[in-house]
Amino acid sequence: MTDFRVKSRGRVNTDKPVKFTFDDQIYEGFEGDTVASALLADGVHLMGRSFKYHRPRGVVTASSEEPNALIGTTRGRGRFEPNTRATMQEIYPGLKTESQNKWPSLKFDLGAINDRLYMLFSAGFYYKTFMWPRSFWDSVYEPFIRKAAGLGKAPTHVDPDNYASRYLHCDVLVVGSGPSGIAAALAAGRAGSKVVLVDENSEMGGTLLSEPTVSIDGQPAWSWLEGAMRELDRLSNVRLMTRTTAIGYYHQNMIGLVQKLTDHLGDVPEGAPRERMWRVRAHEVVLAQGAIERPMVFHGNDTPGVMMAGAAQTFLNRFGVLVGKEPVVLTSHDSAWYSAFDMADAGAKVVAIVDTRDDVPQDLQDQAKTRGIKTYLGYTATGTKGRLRVKALRVNPVRDGKVGAAHLLPCDAVLVCGGWTPSLHLFSHTKGSLEWDAEAKVYLPGYKTEAVHIAGAGRGLWGIASALEDGTRAGADAVRSLGSKAGTATYAVTNDRTGTGITQKELPTDRSPGKAKAFVDFQNDVTAKDIRLAVREGMKSIEHVKRYTTNGMATDQGKLSNMNGLTIAADALNKEAPQVGLTTFRPPYTPTTFGAFAGYHKGAHFEVTRKTPIDAWAEEHGAEFEPVALWRRALFFPQAGEDMHKAVARECKATRKSLGIFDASTLGKIEVSGPDAVEFMNRMYTNPWTKLGVGRCRYGLLLGEDGFIRDDGVIGRIRDDLFHVTTTTGGAARVLNMMEDYLQTEWPELKVWLTSTTEEWATIALNGPNARKLLEPFVEGADISADAMPHMSVAECTVAGFRSRLFRISFTGELGFEINVPARYGKALWEKLWEAGQKYDICPYGTETMHVLRAEKGFIIVGQDTDGTMTPQDAGIGWAIGKKKLDFVGKRSLDRPDLVAPGRKQLVGLLTDDPKVVLTEGAQIVDDPKQAKTMKMIGHVTSSYWSETLGRSIAMAVVEGGIERMNDTLHIPTEKGDAVTAKVTGTVFYDPAGDRLKVE
Amino acid sequence: MADAVSAVGGAEFRGAVTVREVGPTGMITLRGDLGSDAVAKAVKAATGLGAVPGEREIGLDGDKGAAWMSPDELLILVPYAEAEKAVTAMEKAPGKAHALVVNVSDARAHFRISGAGVREVLAKGAPVDLSPDAFGAGTIRRSRVGQVAAAFWLSDTDCFDLVCFRSVGEYMFTWLSTAGAKDSLPGYLS
């Protein structure tokens, strides 16, 4: 079977045969082969079906820009990888691969019916076809498109592999290890810079691997390469990384590298990461990514066996594989002539070299003649024969712009070259400008936004000698930019293959252009005709042409198709290419696994979970938890057989009857300290603070500049110049930032310092008529009797021997204390209180009971009962505004006409007519449930609970003009189609006089 | 001290490196004008150190130290039992400038990560140049590790001390244990 292998060529290890499967058939290649090279060695070109028309497709490149030979690889459950480039996947013993987008088989695919329905699938097909009737979108079109869309199968199991992640800092990062990259790395490495040289291939060398006949400094290219790599390897300041793709270039020389670690291994070490994402911060970057060969656009150019000439050269020289025994070369660039020569020298019978140019260097023509290769100059190609494999190329002379008579050149491969596009994708990520070189008809790097140097073919240079020279220059430039001295190096190159070529639109033809299937984008099945149709239908910018035709929108981002598409669009518009524009390249350079991006952010590390010092106790006691901001908080503590409803009812009852204990450690805490602390508080919060005595505390309300409620919390005055501020759990960081912002930028004259003490204190709330009885024996250094420590007081003391800030406050309406102790003693104090509290039937309660108890008292929760558009008046807490204060954040906005206008949504209570019905939080409220849809909604329910204490449901809601509508009946439509009726009330449902606080 | 519970209960992990939660550490936040006499005297009073650390510097003397946290903030390190005493000493230190002194010894978890590959482990999660020539003794960085804020410094050869907020101590410990797993270091910085 292996009759396409040339054992005298290539760098694969012919002593080590490797068996693998493709579509369940066993193939044998050698160590060092890719799936593509091993299949080609067996004469297999057909490797996939196209996206839209399911046309048979063969491999066209030897590298990562491959649009056709996309395969699935699998290593068992969860380890299926679609859309792997067969040209990049190295073979290993036991590798399992499969072709994609075919049914039932690669050679006979029913989806190819689309190819016959070609007229239906032209440019803008989706836009035109799926517009009408509208009702068909959900039921017919969308499911159909979903089913048909996409290449390859999505994996269905959790990926069991590990992915690693690393930051890396270096002086010079060199991307690409062809001659210019190696020369740059040598220049910088010899100068002592910390250098990282990366290449996406398994082996370094780039073009040198495909051009062994060149000699450098008197040595054959491969010997020179070996020596250069040995030198780089020995330099301790140089790191070499293969199988490593630079996927994106971000601000300030941050480059993402993805290193494949195990995809080439037959035996994967247990637990080894599959890929490692390197986030590199480089002082200087050298981009030496070479150039990408362009296909030629003609009818039948996608037939398997038609491929890039440079790829054929690589398959021959790097892998020892002839892609065909009787190839025809079709080109507009000198480089393909050398590919033909290499093929001929390796034993292929090159049928002909067809060049679209009239003038070709005599030297090349002579070399062709010596090898007995026929040449056709000034010819066009107008079609191919063969369906699953090319059998002949149809060529015609072009004389004075007229296409002459056709004749067929029988062949088993067509090697094309439509010129070379400098590979500037990463440079494009930096938003560096690309400037049109009108003579070479290529985009070249213009002004730069980063510390980046482009070297070699990326600057439109051609040949090994100029690549080495330019790489040396780029490396030295990088070294000098670092402030170091760069040495010099020159390389003597003989047998170099320099050359030029031209760029062109689709090739001239003698056939009806309407019937030509001349592909521009192989991966998305876009033809030259599609692009011209898009222009005819009014697309003038290449960005519009791209989206209308999907040219360049496949996973290869148009690496092969963009320039051909642009050239054809420009021709159709009768403009120069730069006037039509250039689409933007975006990261990643090649498709990248989600695993590489996720890295360690999975499983236990997926998201941070903050835990309080008392969390472990709650877990031991069977708490159900809920996430609040990043915190994990106990939601309720179910006893045997209880659901949430029953548990919460019991917790509420126990707290109101005797005593509840609650972990409030997540509340934000901020220390506000300094001679101007009181002035600062006056300016930040709406309330007056000047007269608040030491040892007293007050509810504080914080607004934004817009007058809307931002946060609230109880604030205690510890000393004259020291406030202990509490914030909501979610608002802790935000409030501190806001305070720092004002302090540093608006009021730098204030002598105030702030710091967060959220994590320093564990906070335990005791609530219930027996709270003082339990606490009193533990307290030293403060008198907490009702007279000495009235409601809204704070004291520094010890509790159970622990340093403490003790607040007498209540968020339940019961007698309440909040005890702050250093975090590491939080659990110990909780356990002591728990033990001593048994005689009061102490009940631990969670956030749900806390919510119910506060709602019974009408206390708001910022962010639940307010939504960022509510003023203190809207929320019914206008009393918290210091009326005599000259200023505070948001004061001016409170007088704006809109904020005092009637009809604003205001917070009210709602009591359902049927006391057993608990409204749904978020439900919309209407005046008349019988009105036609869409109904006029006048507000919504913000909080709603079953109140065990009251034996009925309670709710809070925001309602237009709500405060003026007491006792009105409103309607809350339900999803069942009926509506619940409820009366507007005040928000305090329980103990409005506050008698329960007055426990002696 | 039987009642004291640290963030992860003194847990230890041994892999490519050793990760251990350090016992209670006295930590004091000092905010003020770092160039002022008052701050210099407060630092001296608490730690005995004669100099206020400069940008991204940490001064260490036995179990005491002072670390730069921001242009107007220092972290003072003392034995846990001496923290309250040190706060008092700092507040009483002579000087005119106003400064904030707060005992935050319980606000943080404190880890020690040691072993030959320790720089590699931190480089997995912190966007910091951890090569020996860029990060030596006397350097402190406030940065992040994985998804959480952290500060770390070299406390010995191949040994880093790291502090983060207490509530994320468990996340930090498991993260460091994953990053420090056996055979998981690419060997770039060693």
Side-chain angles (χ1 to χ4, degrees), chain A residues 162 164-169 194 239 259 269 271-273 276 278-279 281 599-601 603-605 607-613 615-616 630-631 665-666 671 673-676 721 751-762 800-803 821-829 831-832, chain B residues 1-7 9 24 27 29-32 72-73 80 83-84 97-109 120 122-131 133-134 146-148 164-172 174-175 177-179 181-186 188-189:
Chain A
N162 295 318
S165 179
R166 261 296 299 269
Y167 290 91
L168 176 64
H169 293 70
K194 276 195 225 173
R239 186 184 175 91
Q259 183 181 25
R276 177 175 287 122
W278 296 81
R279 291 173 171 84
R281 188 74 74 180
Y600 304 118
H601 298 299
H605 311 131
E607 191 175 58
V608 179
T609 303
R610 299 177 74 182
K611 292 184 178 175
T612 76
D615 179 272
L630 287 174
W631 292 95
S665 303
T666 62
E671 207 85 337
S673 161
D676 295 325
D721 61 354
K751 285 184 186 142
V752 174
W753 293 107
L754 310 167
T755 202
S756 165
T757 51
T758 303
E759 299 256 8
E760 168 68 11
W761 303 108
F802 307 128
R803 178 167 63 91
V821 292
R824 72 182 66 233
Y825 300 114
K827 189 167 175 234
L829 177 61
E831 283 167 345
K832 286 175 206 289
Chain B
M1 295 297 285
D3 287 331
V5 181
S6 62
M27 289 182 234
T29 291
L30 187 161
R31 295 200 68 182
D72 58 16
E73 183 176 338
Y80 184 77
E84 277 298 303
H98 164 67
L100 167 71
V101 179
V102 187
N103 184 353
V104 290
S105 305
D106 281 58
R108 295 193 179 98
E120 300 272 350
L122 282 181
K124 291 184 183 188
V128 171
D129 187 353
L130 282 148
S131 57
D133 49 338
Q147 298 174 60
V148 299
C164 63
F165 279 127
R166 179 194 169 96
S167 66
V168 296
E170 203 176 296
Y171 172 91
M172 181 62 82
T174 37
W175 194 96
S177 305
T178 303
K182 252 183 160 169
D183 303 323
S184 75
L185 309 183
Y188 184 78
L189 291 171

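We name chains A, B, ... by the order of the sequence lines, and we start the count at 1 in each one.
In this structure, B:Glu170 pairs ionically with A:Lys611, as a charged nitrogen and a carboxylate oxygen lie closer than 4.0 Å. Salt bridge annotation for B:Arg108-A:Glu760: absent, with no cationic side-chain nitrogen under 4.0 angstrom from a carboxylate oxygen.
Considering only heavy-atom pairs separated by less than 4.5 Å from chain A, the leading option among B:Ala126, B:Gly146, B:Gly169, B:Ala181 is B:Ala126. Comparing B:Val168, B:Asn103, B:Val148 by how many heavy-atom pairs each has under 4.5 Å with chain A, the most go to B:Asn103. Chain A forms the most heavy-atom pairs under 4.5 Å with one residue out of B:Ser6, B:Ala179, B:Ala99, and that residue is B:Ala99. Interface check for chain B: of the options A:Ser756, A:Ala164, A:Pro675, A:Gly599, the most heavy-atom pairs under 4.5 Å are formed by A:Pro675. Most heavy-atom pairs under 4.5 Å with chain B: of the set A:Gln259, A:His601, A:Arg279, this distinction falls to A:His601. Of all the listed residues (B:Asp183, B:Asp72, B:Leu122), the one sharing the greatest number of non-hydrogen pairs under 4.5 Å with chain A is B:Asp72. Per-residue heavy-atom pair counts under 4.5 Å with chain B were compared for A:Ala604, A:Pro822, A:Gly826, and the maximum is reached by A:Pro822.
Residues B:Thr178 and A:His605 have side chains that bring a donor and an acceptor to within less than 3.5 angstrom of each other. Side-chain contact of A:Glu671 with A:Thr755: a donor-acceptor pair under 3.5 Å is absent, judged by distance alone.
For B:Val102, the part lying near chain A is the side chain, with the backbone staying farther off; criterion is any non-hydrogen pair under 4.5 Å. Of the atoms belonging to B:Thr29, it is side-chain heavy atoms, and not backbone ones, that fall under 4.5 Å from chain A. With a 4.5 angstrom heavy-atom cutoff, A:Pro273 does not touch chain B via any of its atoms. Of the two parts of A:Arg281, neither the backbone nor the side chain holds a non-hydrogen atom closer than 4.5 Å to a non-hydrogen atom of chain B.
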**Candidate pair B:Leu130 and A:Tyr167, rule side chain to side chain contact (heavy atoms under 4.5 Å, CB included), full reasoning** = CA-CA 9 Å; B:Leu130 282 148; A:Tyr167 290 91; over 6 Å; no

**Message:** One pair to check against salt bridge (charged side-chain N to carboxylate O under 4.0 Å, His left out): B:Glu120 and A:Arg166. What are the steps and the verdict?
**Reply:** CA-CA 8 Å; B:Glu120 300 272 350; A:Arg166 261 296 299 269; 2.3 Å; yes

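Both tests hold for A:Arg824 against B:Tyr80: distance to the six-membered ring centre under 6.0 Å, angle to the ring axis within 45°.
Here A:Thr612 pairs with A:Ile614, A:Asp615, A:Trp631, A:Asp663, A:Ser665, A:Thr666 under the side-chain contact (heavy atoms from CB on, under 4.5 Å) rule; sequence neighbours left out.
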